[in-house]
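Remarks on the structure that follows.
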Amino acid sequence: MPDRGSESPLYWPVASLIEAYREGRLSPVEVADEVLARIDRLNPSLHAYLVRFDDLTRRQAHEAEAAYRAGRALPLSGVPISIKDTFPLAGAVTTFGSVVHRHNFTQQDSGVVRRLRASGAVFTGKTNTAEFGQSATSDNRLGPEASNPWDTTRTLGGSSGGAAVSVAAGLASVALAADGGGSIRIPASFTGLLGFKPTYGLCPDEGGLPAMSDFVSPGPLARSAADARAFLGALLGRGMSRAGAGGGLRIAWCPRPEGRPVDPGVAATVSAAVASLETLGHEVVETALPLEGWNQAFGPLVLAEERRERGDLLHRFPDVLSDYVRKSLAAARTLTDDDIAAGRAAHRSYRARIAALFETWDAIATPATAVTAFPFGKRPKRIAGREVDWLWGAFPFAVPFNVSGNPAVSLPCGLADGLPVGLQLVMPLNGDERLLDLAEDVEEALAFDRSLMGDPAPRPAVEAAS
C-alpha cells in the first residue's frame, strides 16, 4: 500500500475515507488489504476477533471499488466495519461468545447485518464478546479476553469488548455492537471511543440473538459522532446531517447517580468536561435524579429470557459455560410468574418516571463508568473508600437508560491515571439526532487526544520506507 504518512486510513473519519474513494486517491481494496494485515499482526495479542472471513472482506472490497468506478457507490461502500459476534451473519460462524456455538454456521443475516451489507460496508470479522452478551466484561470460554490497547493488562469492558478494540486499534473503521446494559458505552468509556446507544426499538435486529430483548439496542462504537451518524443513517436508510444542538439546553448534571461512589480521578475529569457544556451556552444544574429502581425490572426480565431461551444449557453443557452464565441460569430457575409480572410492572413505571424527567430537562449528564479500565479479573471491591457490589459497582450508570429506553452516548472526555474517562449524555426518547449533535459539539470543545494511546501496530521501518 502506498505510504500516506504515519496515520493509517483505518484511523481516518468515515467521510474522509469515502471522499478519498470517490476521488480515486484510495482504493477499498488497498484498505481491506491493510486491515487484514493489521489483524494478522495484532489479533494474536489483542484478541479482537473471534471469527475472520478474509475472502468475504476482499470480495466486498472489490465490489465497493467497482461501485465507485461505476458511480453507484452506496452510503458505506468500502468502509471496514466489524460485527459483534452476537449478530448472525449468513455463511459465517456465529458463536454468540459461547463454546456451545463454536461451530454454528448461520444461514441468514440478522436485520442489522442485512442493512449494513446493503449499505456497501466491508465486513472485517466477528468480534469477541461476553458469552451471550451476559457480562460487562468480554471474557468467555472460547479463548482470551479482548485486551485494552491503552494497557493490554486491563479489560476494555463488555460485552462489546472486541468491538471496541477493533476500532481503537485500527482493525475497523466502525464497529457494530449492541447495548443491553451498557455494553456499548462501557467499552467506549474504557477505550477512549464514542459509543452510541440509540432509542430502544429504533434499530430493530430481526432474527438476532434473543438476549436482554426488553432493553437492548444495536449501535456503533466509533471514533467520532460524525462516524456514528454515518453508521446510524445507513441502518435507518436515510441521510443524517449535523444540525448542531444549539445553545440554551437545560442539562441535569448528576455526578454520582443513586449516590454511588465514583473514583476521584474519574469524578474530577468528568466534572471538568461538564464545564464545557456551560461554555457551549447550556444551563447546567447539578442535581440528584430519581434513577433508583432500574434493577427491579432489569434483573427479572433478563433472567426470565435467559431461562426461556437457554435454560436447558445448564444441564446439557454445564462444564463449558462461563461462570457468570451458569450463575445467571441457576438464578433464573428460582423466578416465579409473580416475579416476572412485577418486573414488567416495574419496567413500565421506570420508563414513565424517566420520561417525566425530560419535562424539566433537555438532557442528562453523568459519568459513563465509576472507574477507569481495571486489570483482568479484578473488578473493584471498593471505590472512593466505599464497598461496592461485584456485578455493577464499576459500571452502574449506563443500565438505567437501557431500562428507560432513552438514547445515550459515552464520549471520551479526558484521562485519569493515563486511562480514558467517558462522559455520558442522555436525551429524550427519539432525540437521537439531537444527541449526536450535542456529542459532536462537546467532542470538538474537549478535543480528546486519542494519539496518547499510541499506535499498537506501527508499520515496520522497511514497510514504511517502501
Side-chain angles (χ1 to χ4, degrees), residues 1-32 34-35 38 61 64-65 67-68 73-82 116 119-124 149 163-177 184 187-188 191-196 219-236 238-245 409-413 420 422 432-433 435-457:
M1 185 168 186
D3 181 24
R4 290 181 173 81
S6 60
E7 186 182 72
S8 164
L10 293 162
Y11 288 111
W12 291 3
V14 166
S16 298
L17 194 61
I18 290 173
E19 180 182 21
Y21 290 156
R22 290 190 185 282
E23 295 177 353
R25 294 182 286 109
L26 186 66
S27 160
V29 176
E30 291 179 305
V31 173
E34 177 158 347
V35 75
R38 286 178 70 87
E65 184 175 68
Y68 280 106
L74 297 162
L76 295 179
S77 283
V79 178
I81 291 179
S82 66
L116 288 175
S119 76
V122 171
F123 296 155
T124 55
V165 70
S166 74
V167 177
L171 307 181
S173 294
V174 186
L176 168 62
I184 288 174
T191 56
L193 296 176
L194 183 141
F196 188 79
L221 276 153
R223 293 189 192 90
S224 68
D227 286 358
R229 188 183 291 110
F231 181 99
L232 189 60
L235 287 187
L236 299 178
R238 57 183 172 84
M240 295 176 66
S241 58
R242 181 182 182 184
V409 64
S410 173
L411 64 153
C413 64
D432 301 69
E433 292 186 60
L435 179 57
L436 282 171
D437 289 343
L438 177 61
E440 190 160 7
D441 291 347
V442 174
E443 72 182 10
E444 289 178 353
L446 296 177
F448 178 74
D449 187 0
R450 198 171 286 112
S451 69
L452 294 172
M453 182 189 78
D455 186 348

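Bear in mind the structure is a predicted one, so any value in this text is a computation, not a measurement.
Residue Val409 comes nearest to Ala439 through the heavy atom pair CG1-CB, 4.2 Å, listed as atom of the first residue, atom of the second, then distance. Counting all heavy atoms, side chain and backbone alike, Arg223 lies closest to Gly170 at NH2-CA, 3.7 Å. Looking at every heavy atom in both residues, Val165 comes nearest to Pro149 through CG2-CD, 3.7 Å. Considering all non-hydrogen atoms of both residues, Leu116 and Ser119 come closest at O-OG, 2.6 Å. Heavy atoms only, all atoms of each residue included: Gly195 and Leu221 are closest at CA-CD2, 4.1 Å. Across Ala175 and Ala163, no two heavy atoms sit closer than the pair CB-O, 3.4 Å.
Between the side chain of Arg450 and the backbone N or O of Pro412 there is no donor-acceptor pair closer than 3.5 Å. With hydrogens and angles ignored, the 3.5 Å screen pairs a side-chain donor or acceptor of Tyr11 with a backbone N or O of Ala169. A donor-acceptor pair under 3.5 Å is absent between the side-chain atoms of Glu34 and the main chain of Leu10, judged by distance alone. No side-chain donor-acceptor contact under 3.5 Å links Arg229 to the backbone of Glu433.
Here Phe123 contributes atom CZ and Leu176 contributes atom CG; the two are 8.0 Å apart, rounded to the nearest 0.5 Å. Distance check, rounded to the nearest 0.5 Å: CG of Leu436 to CZ of Arg242 gives 10.5 Å. Distance check, rounded to the nearest 0.5 Å: CD of Glu443 to CZ of Phe448 gives 11.5 Å. The distance from the OG atom of Ser82 to the CG atom of Leu171 is 8.5 Å, given to the nearest 0.5 Å. In this structure, the separation between OG on Ser173 and CG on Leu76 is 10.0 Å, given to the nearest 0.5 Å. Taking CG of Leu193 as the reference point, atom CD1 of Ile184 lies at 11.5 Å (rounded to 0.5 Å).
Side-chain contact between Ser77 and Leu74 is present, with at least one heavy-atom pair separated by less than 4.5 Å. Contact of the Asp432 side chain with the Phe196 side chain is registered, since non-hydrogen atoms from C-beta on lie closer than 4.5 Å.
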Compile the donor-acceptor pairs under 3.5 Å between side chains in residues 14-24 and protein atoms, sequence neighbours left out, one pair per line.
from	atom 1	to	atom 2	distance (Å)
Tyr21	OH	Gly78	O	2.8
Glu23	OE1	Arg25	NE	2.7
Glu23	OE1	Arg25	NH2	3.2

